[in-house]
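All chains are named by letter (A, B, ...) in the order of the sequence lines, taking the proteins before the strands, and each is independently numbered beginning at 1. Because only heavy atoms are used, hydrogens play no part in the values below, and waters and symmetry mates are left out as well, while side chains stay in.
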Protein chains: 2
Amino acid sequence: MKKSPCKRNDAYAAMCTCRDMLDVLAQRWTALAIGAMEEGPQRFGQLRSRLEGISPKVLTQTLRRLEDKGLVIRTVYAEVPARVEYELTPLVRSAAEPLSALRTWAEMNSVRPSTSV
Amino acid sequence: MKKSPCKRNDAYAAMCTCRDMLDVLAQRWTALAIGAMEEGPQRFGQLRSRLEGISPKVLTQTLRRLEDKGLVIRTVYAEVPARVEYELTPLVRSAAEPLSALRTWAEMNSVRPSTSV
DNA sequence: CAGTATCCAAAAGGATACTG
DNA sequence: CAGTATCCTTTTGGATACTG
């Protein structure tokens, strides 16, 4: 998919604003990656082991997308060997509440998860 | 993508419950389709014209996925010519609030929409 | 009318080897 | 260590013709 066809009216446009977030959040590892950073900055390798099964390429993609949206900050330390840390921005933390509401809704309504556990 | 690897701990599992919703909601036409049904039941053809540009195959896919999740009800009327109506369930209406919260968050934080006009 | 069937393109995800 | 490069599979979306 490339672009959403959002040009019909305000309601649709507003829905699309949120859809853009959903686009990112719904990607395979995004929510898990955010979860893995919740307790503080994480190095690439740490994320890689916490997100068991993710390939380095996909982890990079996931982190770049989060970075592009301003949800994660990437910090490179001039050390040898290289050290890079990823941390959540206040922006993504402020999303916790609406996301939590959505999660609660999903649980309360027993939306059958095809994924969890 | 097929399955999410959610089996690490409760926090991850909970996140995945919500992820399952995100999976559906983030699909190309889902949010628009829901929007198109907000004022009441819609026939296949009505949806098709309201969702300008959607192909019949994709519309069917979109509606089936919503049906599978219990977000939409499909009713077939024994008439000639055939009449089929799709309507939102109370379940999806109850998601309006958390989704609205997410939308508000996205707007307040100027998450750059790559999609909305 | 309300789809299904077919074929195709693009995007996302993934395994693995290699590098500054 | 923190990625990139390469190649491949799966998923999603799409155009179009056809059918009960």
> Does a side-chain N or O from B:Tyr86 land closer than 4.0 Å to OP1 or OP2 of C:dC1, or not?
Replying inline: no

> Within this structure, what is the CG-to-C1' distance between B:Leu59 and C:dA2, rounded to whole angstrom?
Replying inline: 10 Å

> Could you state the CG-C1' distance from A:Asp23 to D:dT12, rounded to the nearest angstrom?
Replying inline: 12 Å

> Should B:Arg74 be listed as having a side-chain N or O under 4.0 Å from OP1 or OP2 of C:dG3?
Replying inline: yes

> Where the side chain of A:Thr60 is concerned, which of D:dT4, C:dG14, D:dA2 is the nearest nucleotide?
Replying inline: D:dT4

>> From CD1 of A:Ile54 over to C1' of D:dG3, roughly how many Å is that when rounded to an integer?
In response: 13 Å

> Where the side chain of A:Pro56 is concerned, which of D:dG14, C:dT4, C:dT16 is the nearest nucleotide?
Replying inline: C:dT16

> Roughly, in whole Å, what's the span from CD in B:Gln61 to C1' in C:dA2?
Replying inline: 15 Å

>> Please pick, from C:dA2, C:dG13, D:dG14, the nucleotide with the shortest atom-to-atom distance to any side-chain atom of B:Lys57.
In response: D:dG14

> Could you state the CG-C1' distance from B:Leu63 to D:dG13, rounded to the nearest angstrom?
Replying inline: 15 Å

>> For A:Glu85, run the side chain to side chain contact (heavy atoms under 4.5 Å, CB included) check against A:Gln46, A:Arg43, A:Arg74, A:Gln42 and tell me which one passes.
In response: A:Arg43

>> Classify A:Val58 by what it touches in the nucleic acid, base, sugar-phosphate, or nothing, heavy-atom distance under 4.0 Å.
In response: base

> Any side-chain N or O of A:Arg48 under 4.0 Å from OP1/OP2 of D:dA2?
Replying inline: no

>> Whole angstroms only, please: what is the CG-P distance between B:Leu32 and D:dG13?
In response: 12 Å

>> Looking at A:Trp29, I'd like to know whether one of its side-chain N or O atoms comes within less than 4.0 Å of OP1 or OP2 on C:dA12.
In response: no

> Roughly how far, to the nearest 0.5 Å, is the CG atom of A:Leu59 from the CD1 atom of A:Ile54?
Replying inline: 4.5 Å

> Among D:dG13, C:dA12, D:dT6, which is the nearest nucleotide to the side chain of A:Gln27?
Replying inline: C:dA12

> CG of B:Leu51 versus P of C:dA2: gap in Å, rounded?
Replying inline: 14 Å

> B:Arg65 side chain: which of C:dT4, D:dA2, D:dT12 is closest?
Replying inline: D:dT12

>> By nearest heavy atom, map A:Ser55 and A:Ala82 onto DNA chain C; which one lands nearer the 5' end?
In response: A:Ser55

>> To check you understand the geometry: which heavy-atom pair defines the closest contact between B:Leu51 and B:Ala36, and what is its length?
In response: CD2-CB, 4.2 Å

> What does D:dT19 pair with, Watson-Crick or G-U, if both distances are under 3.5 Å?
Replying inline: C:dA2

>> For A:Ala26, is there any backbone N or O sitting under 3.5 Å from a side-chain donor or acceptor partner on A:Thr30?
In response: no

> For the side chain of A:Thr62 and the backbone of A:Trp29, is there at least one donor-acceptor N/O pair under 3.5 Å apart?
Replying inline: no

>> D:dT4, OP1 or OP2 - any side-chain N/O from A:Arg64 closer than 4.0 Å?
In response: yes

>> As a test of reading the structure: which of D:dA2, C:dG3, D:dG3 is closest to the side chain of B:Val84, going by heavy atoms?
In response: C:dG3

>> From C-beta outward on A:Arg43, which listed nucleotide comes closest to its side chain: C:dA15, D:dG3, D:dC1?
In response: D:dC1

>> Once rounded to the nearest 0.5 Å, what's the spacing between atom CG of B:Leu32 and atom CD of B:Gln27?
In response: 12.5 Å

> Of the nucleotides D:dT4, C:dG13, C:dA2, which has the atom closest to the A:Arg28 side chain?
Replying inline: C:dG13

>> Classify B:Tyr77 by what it touches in the nucleic acid, base, sugar-phosphate, or nothing, heavy-atom distance under 4.0 Å.
In response: nothing

> Taking CG from A:Leu47 and C1' from D:dG3, how many angstroms apart are they, rounded to a whole number?
Replying inline: 13 Å

>> Pairing check on D:dT11: which nucleotide meets the Watson-Crick or G-U wobble criteria with it, both distances under 3.5 Å?
In response: C:dA10

